[in-house]
Chemist: 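Got a structure for you, questions after.
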Amino acid sequence: MKIILKDGSELDLKSGATAKDAARAISEGLLRAAVAAKINGQLADLLTALCEGDRLEIVTLKDKEGLEVYRHTCAHVLAQALKTVFPTCKLAIGPVIDNGFYYDVDFKTPITMEDFAKIEAEMKKIIKADFPIERFTLSREDAIVLMSKFHENYKVELIQDLPEGEEISFYKQGSFTDLCRGPHLPSTGKIKAFKLVSIAGAYWRGDEKKKMLTRIYGTAFAKKEEMDEYFEMLEEAKKRDHVKLGKEMKLFALLNEGKGFPFFLPSGMILKNVLVDYWRQLHRREGYVEVQTPMIMTRTLWENSGHWEHYKDNMYTTKIDGEDCAVKPMNCPGGMLVYKLAPHSYKDLPIRMGELGLVHRHEKSGQLHGLMRVRCFTQDDAHIFMLPEQITDEIKGVVRIIDEVYSLFGFKYHVELSTRPKDSMGSDEDWDKATNALRAALDELKLPYVVNEGDGAFYGPKIDFHLEDSIKRTWQCGTIQLDFQMPQRFDLEYVGEDGQKHRPIMIHRVVFGSIERFIGILIEHYAGKFPVWLAPEQVKVLPVTDRAAAYATELADRINAMGLRASADLRKEKIGRKILDAEMEKVPYKLIVGDKEVEGNTVSVRKRGEGDIGVMTQDDFIALLKKENDEKIIF
């Protein structure tokens, strides 16, 4: 039979051959590296039999999916070790997560992280034994019997909740069997580096009315060196934690009186407003108009937009004058109403409409985290209404803006194309048109991307931008969503060149995403050491003598009068203490002024990270500061 490989070439194999046989036929090196396969786009075990005409891709640990299979198998090794060390424990679920895996377990006697050593020792025995991992399927009745025999009541519940007719698969390694969709590594011996990292509580199926289970987190990497690098990154991340630095630098506060609703302090507001001013300057240049829409609007609006059906659980609702209303979780429906306020001709399009809208989303308390996951945030939204033939150019324009912004801050990024999710609205034809239009724009830009199947918005496919920070963590921020649905639902129109009414196409897009979250990312990216143009306080003037205090105040006032940001430290402290405090506050420039500087109208300049850079005149220093601020120099 013939199999089609990733590059389009054909491979001849015997009937009944497996993906593993195909890897062997290609090369012994590929066979050694193989951990799973993609057959017609679906991830599968290497021992899966192939059929005539199948499209095959061999998956290795260099692939994202390969590492996920690797970590999933490590979760099963953890489960087997737990059943050996704690025979009375009952297993729940053990999925893969970013950078690792976890397993939820019901223990008769609570365990602690002190138990990790003996669990890891048992895991190493299982890995050394190199047990083959074998898949088999059972009927619903037989599956329940098997899991009941092992007293795994959580697995029984999962089986009972599976849809009728769904295949129920299990994986066996040594004497251990677990309910699982898979796929998995060919054997346990393929695991080279793992570590258990933490322990937490988790309600069964996320329901606080159900039993609290023990969640054991672990991580696994293809090589020990990669795992060591990961833990070094975690240590560095602790130092950069934006919650810690935000408190130390007095940027924002997280209070019990407003859980999930951050309080921005004066220094934090300076940083936020600098970002907003930059956003406005950039969008004016790019031909955007700015609007503001209400924070609360009627239920009928949200029903029309589809949010009431698809997003209601994340919305805050209220009644006004006896009418159901909702606090907006997104800005787009308001933008629809603004568009409808006036008739439009094809000559008016594209209309690029921006909004810095404060949105509210009902996040669960356990999911809240600093500025990264909040219940209200400012979304730097924009909606572009356009003609069908303008789609590619408008998408390219948005990509260019996003690239400019991320490059300014020193971020690298990668791109994902997210396709239609299960919970969506609209016809297959519209979704195909929208997805193909996004794909065409990316191809025309020669921008590399990966396809993220099923992760689009409920109204349209999207391009997501994942930026990489200074310690190589990734964050999803910018997005471009192409929408054929809302213009239909809101009956948007324009008069075409033919004099007839037509439906515009719409782009939803953000660059920062959430300004609050972007600030959190910037704090961690720069470790609080913001470039001059972003720093809430750019200069601290430090007088050495009483005579120099008035000079320091006048100099700070002069800098502030130029639209820059400075203050004078007039405390009765030694100069060494003042310098140290300014360093702790991460102020970019410290100006030391004493009697000598007063007489010469000069300043002794200390630059963050470089120390003393010499004596300058006031004019020369201010010119240097203004250049760094105006040109938005990163370092």
Side-chain angles (χ1 to χ4, degrees), residues 1-77 96 127 130-137 166-173 180-193 220-223 226 414-420 432 435-436 438-440 442-443 446-455 461:
M1 63 179 176
K2 292 188 184 299
I3 302 300
I4 302 169
L5 301 180
K6 184 180 179 181
D7 63 1
S9 63
E10 293 183 346
L11 180 67
D12 285 321
L13 294 171
K14 291 181 180 179
S15 179
T18 65
K20 184 177 181 180
D21 295 327
R24 181 184 289 108
I26 295 168
S27 76
E28 286 296 325
L30 183 59
L31 176 63
R32 287 191 297 272
V35 295
K38 266 187 175 178
I39 303 172
N40 301 321
Q42 297 297 312
L43 205 57
D45 299 297
L46 281 174
L47 291 178
T48 304
L50 300 170
C51 298
E52 176 70 37
D54 278 347
R55 292 186 168 273
L56 174 67
E57 181 180 344
I58 300 299
V59 176
T60 73
L61 291 180
K62 292 181 180 179
D63 301 307
K64 179 184 175 184
E65 296 98 329
L67 201 51
E68 288 174 352
V69 169
Y70 183 86
R71 288 169 173 162
H72 194 181
T73 300
C74 208
H76 276 228
V77 171
V96 174
I127 292 167
D130 196 18
F131 293 123
I133 300 175
E134 303 164 351
R135 181 181 186 271
F136 64 93
T137 60
E166 182 164 324
E167 184 179 66
I168 301 173
S169 60
F170 294 84
Y171 282 81
K172 185 177 186 297
Q173 55 197 49
C180 187
R181 284 194 178 94
H184 282 282
L185 298 176
S187 68
T188 59
K190 286 269 191 181
I191 296 170
K192 302 302 178 186
F221 287 85
K223 298 177 182 177
E226 292 174 359
H414 72 268
V415 176
E416 291 183 358
L417 173 61
S418 298
T419 59
R420 186 175 190 172
D432 288 343
T435 305
N436 290 336
L438 291 180
R439 197 186 303 272
L442 289 172
D443 290 341
K446 294 183 170 56
L447 197 61
Y449 64 94
V450 296
V451 177
N452 189 5
E453 296 288 356
D455 201 43

Chemist: Could you please spell out the steps behind the side-chain contact (heavy atoms from CB on, under 4.5 Å) verdict for Val69 and Val59?
Modeler: CA-CA 10 Å; Val69 169; Val59 176; 5.8 Å; no
Chemist: Let me confirm one number: the NE2-CG distance from His76 to Leu185, rounded to the nearest 0.5 Å.
Modeler: 10.5 Å
Chemist: For Met1 and Cys51, work out which heavy atoms get closest and say how close.
Modeler: SD-C, 3.8 Å
Chemist: For residues Tyr171 and Asp45, determine if any side-chain heavy atom of one lies less than 4.5 Å from a side-chain heavy atom of the other.
Modeler: yes
Chemist: Rounded to the nearest 0.5 Å, what separates atom OG in Ser187 from atom CD1 in Ile127?
Modeler: 10.5 Å
Chemist: Decide side-chain contact (heavy atoms from CB on, under 4.5 Å) for Gln173 and Val77; before the verdict, give the C-alpha distance in whole Å, the side-chain angles of both, and the deciding distance to 0.1 Å.
Modeler: CA-CA 9 Å; Gln173 55 197 49; Val77 171; 3.9 Å; yes
Chemist: Looking only at heavy atoms, what is the nearest atom pair of Gly454 and Thr419, with distance?
Modeler: N-OG1, 2.8 Å
Chemist: Testing the basics here: between Asp130 and Lys190, what is the closest heavy-atom pair and its distance to 0.1 Å?
Modeler: OD1-N, 4.4 Å
Chemist: Residues two or more places apart in sequence or in another chain: which of them pass side-chain contact (heavy atoms from CB on, under 4.5 Å) with Asp432?
Modeler: Asn436
Chemist: Taking side chain to side chain donor-acceptor pair (under 3.5 Å) as the definition, give me every residue that meets it alongside Asn452, ordered by chain and number, with sequence neighbours left out.
Modeler: Glu416, Asp455
Chemist: Can you list the residues that meet the side chain to side chain donor-acceptor pair (under 3.5 Å) rule with Lys2, with sequence neighbours excluded?
Modeler: Asp12
Chemist: According to side-chain contact (heavy atoms from CB on, under 4.5 Å), who are the partners of Arg181, at least two apart in sequence or on a separate chain?
Modeler: Leu162, Glu166
Chemist: Can you list every pair that meets ring-ring contact (aromatic ring centres under 6.0 Å, His included) and has a residue in residues 2-38, with sequence neighbours left out?
Modeler: none
Chemist: Looking at every heavy atom in both Leu61 and Gly66, which two are closest together, and how far apart are they?
Modeler: CD2-O, 3.5 Å
Chemist: Quick one: which residue pairs count as a side-chain hydrogen bond (donor to acceptor under 3.5 Å, both in side chains) with a foot in residues 22-37, not counting sequence neighbours?
Modeler: Asp21-Arg24
Chemist: Atom CZ of Arg55 and atom CD of Gln42: how far apart are they, to the nearest 0.5 Å?
Modeler: 14.5 Å
Chemist: Would you check if His72 and Pro183 make a side-chain contact, meaning some heavy-atom pair closer than 4.5 Å?
Modeler: no
Chemist: Would you call Lys172-Glu134 a salt bridge at under 4.0 Å N-O?
Modeler: no
Chemist: By side chain to side chain donor-acceptor pair (under 3.5 Å), which residues pair with Thr137, not counting sequence neighbours?
Modeler: none
Chemist: Which residues satisfy the ring pair (Phe, Tyr, Trp, His ring centres under 6.0 Å) test with Phe131, sequence neighbours excluded?
Modeler: none
Chemist: Less than 4.5 Å apart, side chain to side chain, heavy atoms only: is that true for Val450 and Leu417?
Modeler: no
Chemist: What do the steps show when you test Leu46 against Val35 for side-chain contact (heavy atoms from CB on, under 4.5 Å), and what is the final call?
Modeler: CA-CA 7 Å; Leu46 281 174; Val35 295; 5.6 Å; no
Chemist: What residues form a side chain to side chain donor-acceptor pair (under 3.5 Å) with Ser418, not counting sequence neighbours?
Modeler: Asp464
Chemist: Asp54 versus Ile4: any side-chain heavy-atom pair under 4.5 Å?
Modeler: no
Chemist: Checking salt bridge (Lys or Arg N to Asp or Glu O under 4.0 Å) for the pair Arg135/Glu167: CA distance, chi angles, key distance, verdict?
Modeler: CA-CA 12 Å; Arg135 181 181 186 271; Glu167 184 179 66; 2.7 Å; yes
Chemist: Compare all side-chain heavy atoms of Val415 with those of Leu442 and state whether any distance is below 4.5 angstrom.
Modeler: yes
Chemist: List in chain and number order the residues that pass ring pair (Phe, Tyr, Trp, His ring centres under 6.0 Å) with Tyr449, two or more places apart in sequence or in another chain; answer none if no residue qualifies.
Modeler: none
Chemist: Per the side-chain hydrogen bond (donor to acceptor under 3.5 Å, both in side chains) rule, what does the pair list look like for residues 60-71, sequence neighbours excluded?
Modeler: Lys38-Glu65
Chemist: Going by the rule side-chain contact (heavy atoms from CB on, under 4.5 Å), which residues pair with Leu56 if we only count those two or more places apart in sequence or in a different chain?
Modeler: Ile3, Leu5, Ala19, Ala22, Ala37, Ile39, Leu50, Ile58
Chemist: Short question: side chain of Thr435, backbone of Pro461 - any donor-acceptor pair under 3.5 Å?
Modeler: no
Chemist: Is the backbone N or O of Ala44 less than 3.5 Å from a side-chain atom of Thr48, with the two atoms forming a donor-acceptor pair by type?
Modeler: no
